[in-house]
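Working notes, beginning with the structure itself.
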2 protein chains.
Amino acid sequence: MVTIKDVARVAGVSTSTVSRVVRGQSKVGDQCRAHVQSVIKALGYRPNINARALVSQKSEMLGIVTPEFSSNFFGNIASGVASAARNANYKVMMSNSQDIPHTELEAIASLREHGCQNIILHSKFTDDNTLAQLAADIPGLIIINRFVSAIASRCVWIDNIAGGKMAVEHLLDKGHRQFAFITSDIQNQDPDDRLNGCRNALSKLNISVEPEQIASGLPEMEDGYRAAETLLARDINFTAVIAYNDAMAVGAMNALQDAGKKVPEDVSVIGFDNLLIATACRPYLTTMNYPIFDMACYASRLSILLTTCKEEAENKTHLFMPSLVERDSVCQVK
Amino acid sequence: MVTIKDVARVAGVSTSTVSRVVRGQSKVGDQCRAHVQSVIKALGYRPNINARALVSQKSEMLGIVTPEFSSNFFGNIASGVASAARNANYKVMMSNSQDIPHTELEAIASLREHGCQNIILHSKFTDDNTLAQLAADIPGLIIINRFVSAIASRCVWIDNIAGGKMAVEHLLDKGHRQFAFITSDIQNQDPDDRLNGCRNALSKLNISVEPEQIASGLPEMEDGYRAAETLLARDINFTAVIAYNDAMAVGAMNALQDAGKKVPEDVSVIGFDNLLIATACRPYLTTMNYPIFDMACYASRLSILLTTCKEEAENKTHLFMPSLVERDSVCQVK
DNA sequence: ATGAAAGCGCTAACAG
DNA sequence: CTGTTAGCGCTTTCAT
């Protein structure tokens, strides 16, 4: 391993000078810098990351903390972060919280021990106050997919209420007036926001949403299937169902079809997220696109900005908008 | 930050003793150890990872290098590694090669610079010799999903040939005798192995596989769709199609159905991998399960074993077997 | 603009 | 079994 000392010796300068050149500091003579750089190149010197992190107590690393990684949704987050990291020459370290409450904080702590100041957190369990505290302690902490008003400028989130509205408005445009909803039990704001967005849009036409129009379950295909069965078994009419996410929507379509309903002719279905699964099912799913990859990229860049030239990134909000992707699971009502 | 010195001072011992206790070395007196441990706990001491990595030139970190992360397949790898890492108290660092050849090696180099000796590599571009060389240099390098005979004991792979055989045998059992194949253009051994497995099984019944029975494309849904169209347009008969993976299989089912064929009544379809998509489509896809999550866990444990008690892990091979998952896309031929 | 020297927190001989 | 000592490779005052 070639060290900074080797470079210094060969170049005939001190280690301080080499260090300055490496870090691109200005206080080095032009020819001296050029010479040192050539030696660095010739020797193939690369700074020891751990030594650097030891002395400076930080490292060029992006940390991701999410509940899990296997699903497409979180895969997209990881992908976005990795992509931004590559561009900025950062490494990425991940720590999934395995859906266990206190491991979320544990994951953050361990990232910090590595000197990681740039953390993209998809928090499911930690409360707003703790999050605000964390944000104060960790300059590069970004909350993704959740809005905490006390640290608004540190949240990269999406307007779920608008998403719900847009979904309903699309259905309204297509002539639908009788709705059913499949929502999720998960412990965060998303399902409620999406549902409230729906309610908002509906209230303009004085259409109310009754409890019997709503079924819920875990945000997965099987539960979407069951939820649709539940809805069907109730004494209600609906020409459209709005599901919490694509997986539930696909489950619902399958249940509907298994019950002899045609999608979209008898019942239209709309999902949220626009993941791969939305084009695997038949009919192809009309859904609200959530630009999660882009959000993750953006969050990463923001985090890095925050730890490099702070002022530039302050006092802004970072709200993304969903958009409708029309496919084949929604049609004009007869 | 509380350091080893603080602990030593408070406990009235030397830093070496503290270090020994922390690392669980045996050469410490029982009561001394207990005392030190209580001080560690009282002070909330946690060793500085970077300092440790600096002096020992290694770190308890698992690195993952894969072409990308967003797909379900690689998400499962990441998940498996993360899970094993958690159990062993390792961190995980990831570096995707973005499907660019030389970045694969670059990703490995950068992992090593962090002191990471445990690398799970899903290599797409690097040749066998380079891989063997790498394995010699990096004690904890494991190749996942590929077999390199020179470093057999360092590969965690799956028997694709057997997979192909099993798929065909299942179809044979169901009375099928006329086959079509959708394979992939990707630059690795998998497609050929799966196809050769099919050929093997077929040759026992003297059924040969002609070029016109095969169509190919990228391993994605759209290309599976197109490949099935191509097959349909040719002047051949088939009652079953075997696709390279689930995505292509689903694409093929969709194309078949769009062309007025019933699946499985007119044409049975079988896929490989058993990802989420296999239960999103209609009919649910019969497919060969590839235990990729388990393989990733296993590979991670193996890697750690290799860097902790080497002898235990040598001279073994690590071959996984796929298994058939029967769903609804295959039926008895009429 | 450059160098000397101190030290980040830890491990690892080597003594005893 | 425990302590002393010397670094690991780098950054960072503080001189010059």
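Note that the structure is a prediction, hence the values are computed from the model and not measured. Order of the sequence lines sets the chain letters (A, B, ...), proteins ahead of strands, with each chain counted from 1.
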Residues which pass side chain to side chain donor-acceptor pair (under 3.5 Å) with B/Gln57, listed by chain and number, not counting sequence neighbours = none

query = Would you say the side-chain atoms of B/Ser19 pair up with the backbone N or O of B/Thr15, donor to acceptor, closer than 3.5 Å?
reply = no

remark   = Expected string for nucleotides 8-16 of chain D under the B/S/- scheme (protein heavy atoms, under 4.0 Å, primed atoms plus P, OP1, OP2 as sugar-phosphate) is BBSSBB---

task = Quick one: sort the A/Phe73 and A/His122 rings into parallel, tilted or perpendicular, breaks at 30° and 60°.
result = perpendicular

request  = Nearest whole angstrom, please: distance from the P of C/dG9 to the CZ of B/Arg9.
outcome  = 12 Å

query = Does atom CG of B/Asp30 have more than 12 heavy-atom neighbours, drawn from other residues, nucleotides or ligands, at distances under 6.0 Å?
reply = no

query = Is a side-chain N or O of B/Asn118 found less than 3.5 angstrom from the main chain of B/Ser303, in a donor-acceptor match?
reply = yes

